[in-house]
2 protein chains.
Amino acid sequence: MKQKNHTQCTGALLPIRDALDVLSGKWKLQIIIAISAGNNRFREIERAVTGITSKVLTKELKDLEEHQLVRRTVYTGTPVLVEYTLDEYAESLENVIVALNEWGTGHRNRLMKAEAISN
Amino acid sequence: MKQKNHTQCTGALLPIRDALDVLSGKWKLQIIIAISAGNNRFREIERAVTGITSKVLTKELKDLEEHQLVRRTVYTGTPVLVEYTLDEYAESLENVIVALNEWGTGHRNRLMKAEAISN
DNA sequence: AAAGCTGGCTACCTTAAGGTAACTGGCTAC
DNA sequence: GTAGCCAGTTACCTTAAGGTAGCCAGCTTT
């Protein structure tokens, strides 16, 4: 039965590892949320995701594009417009985002309660 | 309506940020899973989480303890035993872990398919 | 007695993530 | 005509995450 547990364990570890490889870092999920909220232009995203800089944003968007989570569309007009939209594949992240959102909300409440008590 | 979207966006961003602050990094979730799978001793966890070193594990366990996700119990016998168990609060992470596990599994399949096509 | 286990700690080093600031070129609005 | 917006880029720097290796003290096994 120890063996079974260990098998379950290693079974869960690999997918988690894969997921973290793609989603790790401070920004990726925040960017996805910002785009899904209707911020489709570079500067819009930059403003929506507080604290990010254009350099980092550039890199993160490239990463997300490579993983087919974000699509970059260039409208060659004048001026040139660049639009970032979520790729279909990004929808599959919804459960992850919802779960993290819920947990983060709960955690934040917990922290605030603890703080209130200690004061 | 753009305004509403933006409010939703910033509303979701903060909790996500809080969650990532606690769970970010390569190891924390993997350690939690390893412990939940019945690896309660330091060296057991070290072996279960492939690639981690004792130094990093020490630090991560301390972090998790501070966030009340993991409990450290010392049995002062001879030899001294140290046991790591999940704190109740860690149960609240279940949805996050399940979501990440599912997404990671799907993502891994997707990658393997893409690889198969390109060969 | 030598080797291996336990739960770590220490010093040193590398890598990658992220931050700071300045700048570009073509447009537009004042 | 100058100030600002757009989508970035470049060069440089700091920080933190993580890796490598060796060690300790007390026990057990061989």
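In the text below, chain A, chain B and the rest are named by the order of the sequence lines, each starting its count at 1.
Taking atom CD of residue A:Glu60 and atom P of nucleotide D:dT9, one finds them 14 Å apart after rounding to whole Å. What separates CG of A:Leu81 from P of D:dC5 is a distance of 16 Å, to the nearest Å. As a whole-Å value, the separation of A:Gln30 CD from C:dA17 C1' is 14 Å. The interatomic distance linking B:Lys59 (NZ) with C:dC9 (P) rounds to 14 Å, in whole Å. The separation between A:Leu57 atom CG and C:dG18 atom P is 12 Å, rounded to whole Å. If you measure from atom OH of A:Tyr75 to atom P of D:dG8, you get 14 Å, rounded to the nearest angstrom. Rounded to whole angstrom, the span from the CZ atom of A:Phe42 across to the P atom of C:dG26 amounts to 19 Å. Protein atom CG of B:Leu20 is 16 Å distant from nucleotide atom C1' of D:dA17, rounded to whole Å.
Scanning both residues, A:Leu69 and A:Ile32, for their nearest heavy atoms gives CD1-CD1, 4.4 Å. Pairing each heavy atom of B:Trp27 with each of B:Thr50, the nearest pair is CZ3-O, 3.8 Å. Shortest non-hydrogen contact noted between A:Gln30 and B:Ile16 is CG-CG2, 4.5 Å. Smallest separation of non-hydrogen atoms from A:Ala34 and A:Val49: CB-CG2, 3.8 Å.
In the interface, the side chain of A:Lys55 is not paired with the base of D:dG8 through any donor and acceptor atom under 3.5 Å apart. On a pure distance criterion of 3.5 Å, no polar donor-acceptor pair joins the side chain of B:Thr58 and the base of C:dC9.
No engagement by A:Glu46 is indicated, since no non-hydrogen atom pair under 4.0 Å with the nucleic acid exists.
By the 6.0 Å and 45° rule, A:Arg110 stacks over the aromatic ring of B:Tyr89.
In this structure, the nucleotide among D:dT9, C:dG8, D:dG18 sitting nearest to the side chain of B:Ser54 is C:dG8. Listed candidates were C:dG8, D:dT20, D:dG18. Nearest to the side chain of B:Thr53 is D:dT20. Closest to the side chain of A:Val82, from the set C:dA17, C:dT6, D:dG8, is D:dG8. Out of C:dG18, C:dG8, C:dT6, the shortest distance to the side chain of B:Arg72 is found at C:dG8.
At the phosphate of D:dC6, OP1 or OP2 sits under 4.0 Å from a side-chain N or O atom of A:Arg47. Side-chain N/O atoms of A:Lys26 include one lying less than 4.0 angstrom from OP1 or OP2 on C:dG19.
With a 3.5 Å ceiling on both atom-pair distances, the Watson-Crick or G-U wobble partner of C:dA29 is D:dT2. Partner assigned to D:dT29 is C:dA2, using Watson-Crick or G-U wobble distances below 3.5 angstrom.
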